[in-house]
Q: 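The structure is given below, and queries will be raised subsequently.
In each ligand, atom 1 is the first atom listed, and ligand 1 is the first ligand listed. What's counted below: heavy atoms across the whole structure, side chains too, no hydrogens, waters or symmetry copies.
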Amino acid sequence: MEIRANNTEIQDHINKLFTEILKEQKRYMGVRPPNHEKLHLTKDLLQKYENMRGKGFFYNYLSSGRGHGPFTELIDESIKYDLIGGIGPNLLGHSHPLYIKAQLESATSDTIMCGNLQPYPEALQLTEALISNVSKKSKLKNFWFTGSGSFANDLALKLIWQKKEPRYRVIAFNKSFAGRSVATQDLTHNESYRQGMPSTVQVDHVPHFDQKNPENALENTLSELKRVVKENPKQHCAIMLEIIQGEGGFIYGNKEYYEEIFKWAKAQGLYIWVDEVQTFGRTTELFAYQMMELDEYVDIVTVGKALQVCGVLYTEELNPKPGLIAGTFNGSVSALNAGQKIVNYLTESHFFGAKGRIAEIETAFLSRFEHLMKTTCRDKITYAGGVGTMIAYEVGDSSKETTMKYIRKLFDNGILCFMCGANPTRVRMLLPLSLTNEHIDEIFKIINDTVTEMFDE
Ligand SMILES: Cc1ncc(COP(=O)(O)O)c(C=O)c1O
C-alpha cells in the first residue's frame, strides 16, 4: 500500500519505527518460565475478564503483545512456542515484518475500517491478489468480503440458495465445522454446539474419509450420498466440505476420493462449496482444493483466518441479484493491507509445492513423530498425521480428558497448542511458517519430556 499521509519525515519515522519495533520484538525469542512475582497477574486479570464475559478461559494465557516468530510472551513474562496461532490467523509468526509494515503503513490512512460504500484501494488490491491466484482451471471469478469465517459461510449459502430456490437442503460431512452463526451451527456436525437451537437449515451429514478404512471410504460416502438424495428427491442445492477437516481432527481424503464425490455431485446438479477458512495458506498450495487438483469442480470457496480478513470466492453463475449481499465492513485497512502482503509473500516465495517450505515443515514434524512413536514415546503417542502446517497427534488413549491434561502440561512446559476431533481427540497444531529446524528440534524435546512426565507419573 502507498503511505497515505506522506512526506519524507513520515517515511523516515516509519522506517525508524519499523526497525525499532522489530529489534525490540526480537528480544522475545526463546522459551522462558514465568516470573513468579507476576504469575498472579494473568490469573487475576483473566478472573476479572471471566466475571464480565461470563465464561472462563482454557489456558492461563494473556498475551503481553510481545513475541517473535513462533514465540509469544504472556503478561507473566513467560515465553512459549505458539503452535496454534490464535487458532489459525497467525500463519507467518509473531511480529512478522510484514505485519509490522502493514500496520505502520495503515496508520497513515484516515480511517480504521474499510467498507462497501466507500472502498479503499486495499480492498481492491487484496481482491485482485486472491482472484489472480485461484488458478487457470478454476471458475472462481468474484470475491466478497465478510466479517468472519462463519459469515462467509452464511453468505455462500445465500448465493447458492438464490440460484437453487426452492432446493434448500445441504449435504455436509460428519465431524465438519462451519462456524457459530445461526446457519452454520446446523452445517456443523457436533450437536452439542446447538443445544436449544431451532433447526434453520436442513442438512444431511454423510461420512467423510475414513482413515481407518481407506479402501472402503469412497464407497461408504457415495452410498450415503445416494441414500440422502433418494430420501429427499430434488431438495438439495449443494455439497459443503472442508477438504482437510480442521476441528474434526485433520481428517482428509485423497484426490480420487474428492474427485469421485465431486463428479457425482455435479451429475446431481449440486454446487460444490469448499470451506477453506482454516486450510487457506496452510497446505502445500494456497488453497487445499489446489493441492488436491480439484480446481475445475469448485463453485464457491470461503476463506478467513490466515488471510486476516474473511470472504467468499464464487463463480460468475453464482453472482447474486442486487440486494442480497451488502454490509458495512470489508475489514480494517491494516488487515486488508496485511492480507494482500500475505498472499503475495506466500505465492512469490518458496512455500508451496512438493519441495516448498510447507512440505518441509510437514515432513520435519511427521518424521520426528514417527521416530518418537518407535522409541521413547512408543504406545504413548499413538498417531501423528496432517497436512502442511496442520499437524495433529494422539496421546495415550486419545480421550478428551487425557488430551486436555496433556496439553495443559505442554503449556506449562512451554508449548501452546489445542485439541481437535472427538473419538479420537487429537492434539492440534496450526504451525507458524517462521519455524526453523532448530525450533522444531527443541519442540520435539519438549513434547518428548512432557509425554514421559505424563505417563511416568
Ligand atoms: C473450517 C471452518 N469454517 C468456519 C469457521 C468459522 O470461522 P470464524 O470463527 O471466523 O467465524 C472456522 C473457525 O474455526 C473453521 O475452522
Q: Where is the nearest protein heavy atom to atom 14 (O) of ligand 1: which residue, which atom, and how far?
A: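 Answer for atom 14 (O) of ligand 1: K305 NZ, 2.8 Å.
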
Q: Would you please indicate yes or no on a ring centroid separation below 6.0 angstrom for H68 and H94?
A: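 So the answer is no for these two rings.
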
Q: Taking non-hydrogen atoms only, is N153 closer than 4.0 angstrom to ligand 1 via side chain, backbone, both or neither?
A: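 Side chain only; the backbone of N153 stays clear of ligand 1.
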
Q: How about F71 and H439: are their ring centroids closer than 6.0 Å?
A: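 That pair passes the under 6.0 Å test.
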
Q: Would you confirm whether the ring centroid of Y252 sits within less than 6.0 angstrom of the ring centroid of F250?
A: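 No, too far apart.
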
Q: With a heavy-atom distance limit of 4.0 Å, tell me whether R180 approaches ligand 1 through its side chain, its backbone, both, or neither.
A: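 Answer for R180: neither.
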
Q: I'd like to know if the side chain of E242 and the backbone of F177 have a donor-acceptor N/O pair within less than 3.5 Å.
A: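 Pair found, side chain donor or acceptor close to backbone of F177.
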
Q: Closer than 4.0 angstrom: is that true for some heavy atom of A178 and an atom of ligand 1?
A: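 A heavy atom of A178 does come that close to ligand 1.
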
Q: Within the structure, does Q278 bring an N/O atom to less than 3.5 angstrom of an N/O atom in ligand 1?
A: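 N/O-N/O distance under 3.5 Å: yes.
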
Q: Measure S181 to ligand 1 on non-hydrogen atoms and call it side chain, backbone, both or neither using the 4.0 Å cut-off.
A: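 Under 4.0 Å from ligand 1, S181 contributes no heavy atoms.
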
Q: Below 3.5 Å, N or O to N or O, backbone or side chain included: is there any such pair between G149 and ligand 1?
A: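 Yes: some nitrogen or oxygen of G149 is under 3.5 Å from one in ligand 1.
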
Q: Taking I391's backbone N and O only, do any of them form a donor-acceptor pair with E362's side chain (distance below 3.5 Å, no angle check)?
A: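 No: the side chain of E362 does not pair with the backbone of I391.
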
Q: Side chains of N337 and Y99 only: does a donor on one sit below 3.5 Å from an acceptor on the other?
A: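 The answer is no; no qualifying pair exists.
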
Q: For atom 3 (N) of ligand 1, what is the closest protein heavy atom, and at what distance to 0.1 Å?
A: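 Result: D275 OD2, 2.7 Å.
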
Q: Which bit of F151 is near ligand 1, meaning a heavy atom under 4.0 Å away: side chain, backbone, both or neither?
A: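 The answer is neither.
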
Q: I want to check something: taking the side chain as every heavy atom from C-beta on, are T363 and R368 in contact at a cut-off of under 4.5 Å?
A: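 Contact flag for T363/R368 side chains = no.
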
